[in-house]
Visitor: 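One structure, pasted below without further comment.
Indexing begins at 1, ligand by ligand and atom by atom, following the structure's order.
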Amino acid sequence: MPDKNANLTVAGRSASLPLVEGSQGPSCIDITNLYRETGHFTFDPGFGATGSCKSAITFIDGEKGVLLYRGYPIEQLAQKSNFLEVAYLLLEGELPNAAQFTEFEHAITHHTMMHESVKNFLHGFHYDAHPMAMLCASIASLSAFYHDTANPNDPEQRKLAAIRLIAKMPTIAAAAYRYSIGWPFRYPRNNLEYVTRFLHMMFEVPSEPLQLNPVVAEALDLLFILHADHEQNASTSTVRLVGSTGANAYASIAAGIAALWGPAHGGANEAVLKMLTEIGDAKHVDKAIARAKDKESGFRLMGFGHRVYKNFDPRAQIIRAKCHEVLDALGVNDPLLEVALKLEEVALKDDYFIEHKLYPNVDFYSGIIYKALKIPTEMFTVMFAIARTAGWIAHWIEQHEMPGGRIFRPRQVYVGATPRDYRAIDKRP
Ligand code: CMC
């Protein structure tokens with residue numbers, strides 16, 4: 001029988017570290033007792049070899065390009081499901097039956113209004129505030145409005161906070177956009193389904209009804225499904241870290257929004273579009289590739305590379321196919337698509353990108369679809385946040401339900417000054 005422990009001896013002290021097996025994927029070495037038994041910590045900046053928790057929500061096999069939500073392949077969910085059903089799946093662990101779905105949709109639909117005071121809060125921003133800044137602050141502010149869901153240790157309160165967050169995120173996101181262009185806020189229309197309701201809040205003007213091409217809602221729903229969860233990525237880990245302190249759901253999710261904003265994470269979709277616009281023409285692609293390979297330039301190909309996927313990102317493959325379909329259906333002829341296709345073609349044949357296992361990720365094509373749907377560039381990461389809210393809150397709930405939760409508190413390798421004596425100001429060099 002294979003040894004179920006990893007045995008480690010360091011500086012004459014030994015530890016027998018148990019292996020932890022999941023239902024799929026490589027086993028992990030449980031180092032909980034490592035410091036106690038050997039006097040050593042582990043060092044893993046960026047957490048590339050560290051499992052921070054047990055989770056039953058999402059599984060990724062980065063070598064094989066596999067992504068499962070609660071065991072269901074992303075390809076099947078993308079083809080057959082819808083975002084709200086996927087949100088239910090992430091939260092509850094099972095696909096809903098018809099009655100469960102109706103109840104869930106009803107609950108979400110009837111929590112879409114934002115507190116009127118949140119409107120005043122939004123009005124306090126300068127007109128050119130980035131919508132991610134407005135979203136992050138407004139979601140954090142919800143904890144000031146909904147005291148009845150402030151206790152993370154109460155399962156009913158946790159559930160209601162989840163419903164409120166999934167329901168209100170599109171309302172606040174659309175309001176942030178409308179504020180930036182000086183349009184009046186639109187109230188949510190409860191006769192519409194989730195994504196269509198959001199599009200109405202974004203684009204409907206008071207003076208005339210909105211004519212919405214169903215292709216737009218369908219494409220956005222697909223993008224929301226693909227972005228709904230991705231196990232312990234930077235923003236989800238942030239939500240869990242903040243959640244581990246006992247912070248309420250709104251504060252924890254606001255922290256996730258802040259983490260998502262960075263260009264190495266969810267901000268990449270906005271950065272991709274800016275990069276493609278800067279490249280401007282397929283004939284400049286070679287120059288961009290050369291710059292991305294030059295470490296001195298500080299430039300990376302946005303929308304390329306992933307910490308976990310080393311072969312392909314299954315979400316990128318689905319989006320790539322959808323991109324052509326959506327642009328054709330909407331009659332959009334976007335020259336940036338040509339630049340993107342050329343960039344992908346050249347990079348995939350380039351030794352640097354092959355050796356570094358850098359492939360287009362989910363954000364590479366999503367921006368081109370968002371642009372075709374007339375979503376403004378500054379709103380791209382907000383779109384990601386709306387979708388990822390389902391995953392964030394599912395993880396936040398799971399962390400409270402799973403026994404043995406502790407505050408996240410990593411250690412460090414200290415490289416600063418060794419002990420020294422304080423000197424009066426006139427005695428300092
Ligand atoms: N362009 C050029 N070189 C790259 C790129 C890139 N996009 N990504 C990684 N590399 C190189 C990097 O310079 C390093 O080279 P070397 O080993 O020679 O020093 C090597 O590949 C490994 O890079 P890393 O930064 O250690 O990899 P990581 O796993 O820490 O970072 C990443 C992953 C996604 C942050 C990174 O690939 C990146 O910055 N990509 C561009 C931003 C992006 O598209 N982000 C979206 C990620 S997917 C959606 C999401 O998470 O929100």
Visitor: So, 4.0 Å and heavy atoms of Leu301: is ligand 1 close enough to count as a contact?
Guide: yes
Visitor: Could you walk me through whether Ile368 and Val326 pass side chain to side chain contact (heavy atoms under 4.5 Å, CB included), step by step?
Guide: CA-CA 10 Å; Ile368 294 174; Val326 170; over 6 Å; no
Visitor: Considering only protein heavy atoms, which is closest to atom 49 (C) of ligand 1, and at what distance to one decimal place?
Guide: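 Protein heavy atom with the smallest distance to atom 49 (C) of ligand 1: Asp363 OD2, 3.2 Å.
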Visitor: Are Trp392 and Ser235 close enough that a side-chain donor and a side-chain acceptor fall under 3.5 Å?
Guide: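 A donor-acceptor contact under 3.5 Å links the two side chains.
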Visitor: Would you mind running through ligand 1 and noting each atom that sits below 4.0 Å from a heavy atom of Phe384?
Guide: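 Result: 52 (O).
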Visitor: Does Phe312 have its ring centroid less than 6.0 Å away from the ring centroid of Tyr359?
Guide: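 Judged by ring-centre distance (under 6.0 Å), Phe312 and Tyr359 do not meet the cut-off.
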Visitor: Counting heavy atoms only, name the option from Lys295, His227, Arg307 that's nearest to atom 30 (O) of ligand 1.
Guide: Arg307
Visitor: Starting at CD of Glu344, measure out to CZ of Arg320 and round the result to the nearest 0.5 Å.
Guide: 4.0 Å
Visitor: Below 4.0 angstrom, counting only protein heavy atoms, does anything approach atom 27 (O) of ligand 1?
Guide: no
Visitor: Determine, considering heavy atoms only, which of Gly262, Gly46, Ala316, Gly303 sits nearest to atom 44 (O) of ligand 1.
Guide: Gly303
Visitor: Quick one: look up the protein heavy atom nearest atom 2 (C) of ligand 1 and list residue, atom name and how far away it is.
Guide: Ala292 O, 3.6 Å
Visitor: Leu358 heavy atoms, cut-off 4.0 Å: which ligand 1 atoms fall inside?
Guide: 3 (N), 4 (C), 5 (C), 8 (N), 9 (C), 10 (N)
Visitor: Report, in ascending order of atom number, the atoms of ligand 1 lying under 4.0 Å from any heavy atom of Gly266.
Guide: 52 (O)
Visitor: Determine whether the aromatic ring centres of Phe353 and Phe304 lie less than 6.0 Å apart.
Guide: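 Yes; Phe304 has its ring centre under 6.0 Å from that of Phe353.
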Visitor: Which residue owns the protein heavy atom closest to atom 34 (C) of ligand 1, what's the atom, and how far is it?
Guide: Gly305 O, 3.6 Å
Visitor: Identify which of Phe299, Phe47, Tyr352, Phe304 has a heavy atom lying nearest to atom 3 (N) of ligand 1.
Guide: Tyr352
Visitor: Using a 4.0 Å cutoff against the non-hydrogen atoms of Val362, which atoms of ligand 1 qualify?
Guide: 49 (C)
Visitor: Considering only heavy atoms, which of Met275, Arg300, His356 lies nearest to atom 23 (O) of ligand 1?
Guide: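 Heavy atom nearest to atom 23 (O) of ligand 1 belongs to Arg300.
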Visitor: Side chains of Phe41 and Val413: closer than 4.5 Å at any heavy-atom pair?
Guide: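 No. Closest side-chain heavy atoms not under 4.5 Å.
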Visitor: If the cut-off is 4.0 Å to any non-hydrogen atom of Ala268, which atoms of ligand 1 fall inside it?
Guide: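 Atoms satisfying the 4.0 Å criterion: 43 (C), 44 (O), 45 (N), 46 (C).
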Visitor: Are any of the heavy atoms in Ala234 under 4.0 Å away from ligand 1?
Guide: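 Contact absent.
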Visitor: Any chance the side chains of Thr112 and Arg197 put a donor and an acceptor closer than 3.5 Å?
Guide: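 No, because no side-chain N or O of Thr112 sits under 3.5 Å from a partner of the opposite role on Arg197.
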Visitor: Tell me whether the rings of His130 and Trp261 are parallel (<30°), tilted (30 to 60°) or perpendicular (>60°).
Guide: tilted
Visitor: Among protein heavy atoms, which sits nearest to atom 45 (N) of ligand 1, and what does the distance come to when rounded to 0.1 Å?
Guide: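 The closest one turns out to be Ala264 O, 3.0 Å.
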Visitor: Should the pair Glu63-Lys310 be classified as a salt bridge under the 4.0 Å nitrogen-to-oxygen rule?
Guide: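 So Glu63 does not pair with Lys310 through a salt bridge.
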Visitor: Contact between Phe364 and ligand 1, counting heavy atoms under 4.0 Å?
Guide: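 Distance cut 4.0 Å: Phe364 fails for ligand 1.
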Visitor: Is a donor from one side chain sitting under 3.5 angstrom from an acceptor on the other, for His395 and Arg240?
Guide: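 Judged by distance alone, the side chains do pair up.
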Visitor: Tell me if the centroids of the rings in His324 and Tyr365 come within less than 6.0 Å of each other.
Guide: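 So the answer is no for these two rings.
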Visitor: Quick one: look at Ala271 and ligand 1, take heavy-atom pairs under 4.0 Å, and tell me if it's side chain, backbone, both or neither.
Guide: neither
Visitor: Which residue holds the protein heavy atom closest to atom 42 (C) of ligand 1, what is that atom called, and what is the gap in Å?
Guide: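 So the nearest neighbour among protein heavy atoms is Met302 CE, 3.4 Å.
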Visitor: Less than 6.0 angstrom separating the ring centers of Phe83 and Tyr194, yes or no?
Guide: yes
Visitor: Any N or O on Asn361 sitting closer than 3.5 Å to an N or O of ligand 1?
Guide: yes
Visitor: Is the ring centre of His230 less than 6.0 Å from the ring centre of His306?
Guide: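 Aromatic pair counts; centres sit under 6.0 Å.
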Visitor: What is the closest protein heavy atom to atom 50 (C) of ligand 1, and at what distance does it sit?
Guide: His265 ND1, 3.3 Å
